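Have a look at the structure below before the remarks.
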Amino acid sequence: MKSSCSSSLVRSPKYLPNSSLISDVDLRSRENNSAHRTREIDQKRLIVRRGQPFSITLQCNGSLPPRHHLDLVLHLGKRDEVEIKVQKERGDGDKWWFNQQGAQDEMLLTLHSPADAIIGRYSLAVLLMSPDGRILEKKDKMSFHLLYNPWCKDDVVYLPDETQLQEYIMNEEGIIYMGTWEYIKSTHWNYGQFEDYVMDICFEVLNNSNDALRNSQMDIEQRFDPVYVSRIIAAMVNSNDDRGVLTGRWTEPYSDGVAPYQWTGSVPILRQWSKAGVRAVKYGQCWVFAAVACTVLRCLGIPTRLITNFSSAHDVDGNLSIDFLLDESLQPLESRGGRDSSWNFHCWVESWMRRDDLPKGNDGWQVLDPTPQELSNGVFRCGPCPVTAIKEGNLGVKYDAPFVFAEVNADIIHWIVQRNGQRRKIRVDHATVGRNISTKSVYGDFRDDVTLHYKYPEGSKKEREVYEKAGRRVTDVPSESSEPGRLQLSIKHAKPVFGTDFDVIIEVKNEGDQDAHVQLTMLAMAVTYSSLHRGNCQRQTTTVMVPAHKAQQEVLRLRYDDYAQCVSDDHLIRVKAFVEAPGENEPLLTVTDIPLSRPEVFIQVPGKAFVCEQVKASISFTNPLPVPLKGGVFTLEGAGLLSSTKIHVSGDISPGQTVSIVVSFSPMRTGVRKLLVDFDSDRLKDVKGVTTVVVRKKYRNIFPEITECY
């Protein structure tokens, strides 16, 4: 291709560093990053997405001599383990290629990456080649990052809906749903995937996986595949088998780390892991593991959303039933054979991708679970598993489909173990597991229910067909529910506030024609969201006469002094009611979990917020408990607003006292931002607050009719 520059600069075939043709290379980071939707990550470094061209400019001291040409060479890996020679013309679409244009003293090179290119940090070298193939000049020490491209139709992570892309790639804030299936609460989370150096840490996560450490070249060559990369991330977010990011812990003490409920975002966790020399951060639980995975996956360009499954089963033995063993006083027994459990909620992520490694029909959302529960190919991780495979009961599909299927479909069976060791089945629940499966809506800060993505409607013919295909013992269902007994048992309660006394009402209803004399046992205990028993709060046993066709109510009074000493940081009280009556074949058991609500932190940001100008936030909290709070600490963070900041409260906070602080910060990026605040103390923890901050650019008048941004 002809250029406008003179050819007198290269007169000798010998490499002459003092009379080089190429004086400088401009990677055009600002323009390229804007076109590739990576401007939020960085404007100074070049960050592009695969399957989409980008251009760089060579500053020339002359034109390209006759019969000379340029070669472009790419390298990946710390030791340049992978080398890619960029072709000079378009090939079959599966190779890197470039074209060039000359203008004045510049040469514009446009590079085209294939839609299945390896993601990672590339080193770029521009070579001036002589007619006989010798290197006359070399410009290197240039680098760029390549990410997945869900906007590219040929990329396996392509997602055609722009509204979803804005949520599942570009949104740095999210909502995580927690609580119980009956009382769903939400907490805001700062994913922060575009915060400073988070992308570098995401690649550091990949570089420290067991696969990468075992064989770096083989690992890099597999990074074109989001199935491979997402599986690595699911393993690396927990630290059970590797140099992973987070250590899990489900009970106190957390004194040698950060309690899971204190985190409000992923960025402090990732930065701490990297800064500490890739040492695991303490501590995480399921929503923290899932949120960190969501940050990494979104940052790398894989559309991802966080999912909460309420009444989530952990089926260890694979029999699609969760067996709870109780002694005759209704206390839970540890079974020697397994660790079956049912959690009030469990969080994982779904990532969007085409599954070319599976038969047709398995594309779309894939379950990935980084919480260390069970081994998958010898490593604590789960997925990616197609959501459609779970719904259809195709449990032979990779990866870990039987485990995920049980999480949303298992039966719960309660047994009483009698003194002679015999087991007595007292309750079978076919419908509780997998309720109100939730994710944040793409249209705002509210909940979308995606249960029907995972399972057919409860009790439908299609649901039974899927169960049969999956090997569930559906023959048990009719015999368990064909004839309801004459007695019915239920538990009612208001929405109690932590720190107050409250009543739980147990109702025994008699549908029979004769009066019933029953023994009613009521037990209230503190549990964690993962069903770990923390201690009894209250117990009553009484004899009740229930007239025919009537209902009798008994009240269990729970006082703050009763539950304060044993309640977990999840603020959950589990109430069990057990009825035995002469003439009834089976006793009755019903169980409910009562979440204790907490107050909020109030936040105000008065006036307008402008980028790089100081803003003040007023934050206040009132102690609702009848006792003083010690060791109070506020934690603040917000993507584009400020890094994680702790502010300690001096002295005790008396009952009813309001404590207020004022925090100043300078927003770093424009847009609609969320400021998240967490308050913790010795007796009251996990108190959250959130407010929206709109950050604008500041304009100033240069001329009467002209404005300029600075």
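In this chain, numbering begins with 1 at the start of the sequence shown. Everything numeric in this text was worked out from a predicted model, so none of it was measured.
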Does the side chain of [X] pick up a donor-acceptor pair with the side chain of [Y] at under 3.5 Å?
| X | Y | answer |
| --- | --- | --- |
| W348 | T371 | no |
| Q373 | H346 | yes |
| S664 | K616 | no |

Output every pair passing ring-ring contact (aromatic ring centres under 6.0 Å, His included) with a member in residues 633-655, not counting sequence neighbours, ordered by first then second residue.
F634-F679
Check whether any side-chain heavy atom of [X] sits under 4.5 Å from a side-chain heavy atom of [Y], and report yes or no.
| X | Y | answer |
| --- | --- | --- |
| L629 | V659 | no |
| R271 | S643 | yes |
| V387 | Y454 | yes |
| F345 | I184 | no |

For residues 248-270, the salt bridge (charged side-chain N to carboxylate O under 4.0 Å, His left out) pairs (sequence neighbours left out) are E252-R534, D256-K282
Write out all pairs satisfying salt bridge (charged side-chain N to carboxylate O under 4.0 Å, His left out) with one or both partners inside residues 187-200, taking only residues at least two apart or from two chains.
R45-D200, E195-R669
What distance separates [X] [atom1] from [Y] [atom2], expressed to the nearest 0.5 Å?
| X | Y | atom1 | atom2 | answer |
| --- | --- | --- | --- | --- |
| S438 | I176 | OG | CD1 | 12.5 Å |
| M236 | N208 | CE | CG | 5.5 Å |
| L675 | L641 | CG | CG | 6.0 Å |
| S441 | R447 | OG | CZ | 11.0 Å |
| W415 | L326 | CH2 | CG | 12.0 Å |
| I619 | F621 | CD1 | CZ | 13.0 Å |

Check: [Y] main-chain N/O paired with [X] side-chain donor or acceptor under 3.5 Å:
| X | Y | value |
| --- | --- | --- |
| D570 | Y529 | yes |
| N623 | Q657 | no |
| D561 | Q565 | no |
| T439 | L306 | yes |
| R427 | L589 | yes |
| N238 | F380 | yes |
| S351 | Q366 | no |
| T451 | D449 | no |
| S266 | A291 | yes |
| T622 | G656 | no |

My understanding is that only residues two or more places apart in sequence, or in another chain, count here; which of them pass side-chain hydrogen bond (donor to acceptor under 3.5 Å, both in side chains) with [X]?
| X | answer |
| --- | --- |
| N171 | E167 |
| Y168 | R305 |
| K630 | D652 |

Carefully, step by step, assess H414 and F578 under the rule ring pair (Phe, Tyr, Trp, His ring centres under 6.0 Å).
CA-CA 12 Å; H414 285 85; F578 182 65; over 10 Å; no
Decide yes or no on side chain to side chain contact (heavy atoms under 4.5 Å, CB included) for T521 and R539, but give the supporting numbers first.
CA-CA 7 Å; T521 300; R539 181 189 181 92; 3.7 Å; yes
Closer than 4.0 angstrom, basic N to acidic O: yes or no for R673 and E172?
yes
Do H314 and F403 have ring centroids that are under 6.0 Å from one another?
yes
After noting the C-alpha distance and the side-chain angles of T247 and S239, does the key distance pass the side chain to side chain donor-acceptor pair (under 3.5 Å) rule?
CA-CA 6 Å; T247 296; S239 63; 3.1 Å; yes
Residue list, salt bridge (charged side-chain N to carboxylate O under 4.0 Å, His left out) with E637, at least two apart or on another chain:
none
With sequence neighbours excluded, residues passing side chain to side chain contact (heavy atoms under 4.5 Å, CB included) with D400:
R231, S376, C382
Contacts of V281 that satisfy side chain to side chain contact (heavy atoms under 4.5 Å, CB included) - sequence neighbours left out:
L246, W263, I269, Q272, W273
Look at atom CZ of F446 and say whether more than 12 heavy atoms of other residues, nucleotides or ligands are closer to it than 6.0 Å.
yes
Taking atom OH of Y197 as the centre, does the number of heavy atoms from other residues, nucleotides or ligands within less than 6.0 Å exceed 12?
no
Using the ring-ring contact (aromatic ring centres under 6.0 Å, His included) criterion, which residues pair with F502? Sequence neighbours excluded.
Y563
Identified side chain to side chain contact (heavy atoms under 4.5 Å, CB included) partner of I437 from the options N309, D448, T308
N309
When every non-hydrogen atom of C202 is compared with those of L300, the smallest separation belongs to CB-CD2, 4.1 Å
Could you give all pairs that pass the side chain to side chain donor-acceptor pair (under 3.5 Å) test and reach residues 591-609, with sequence neighbours left out?
N344-D593, H571-R598, R574-D593, R598-D686
Applying side chain to side chain donor-acceptor pair (under 3.5 Å), which residue pairs with at least one partner in residues 495-506 are found, sequence neighbours left out?
D503-R557
Is the ring pair Y254/Y261 parallel, tilted or perpendicular, if the boundaries are 30 and 60 degrees?
perpendicular
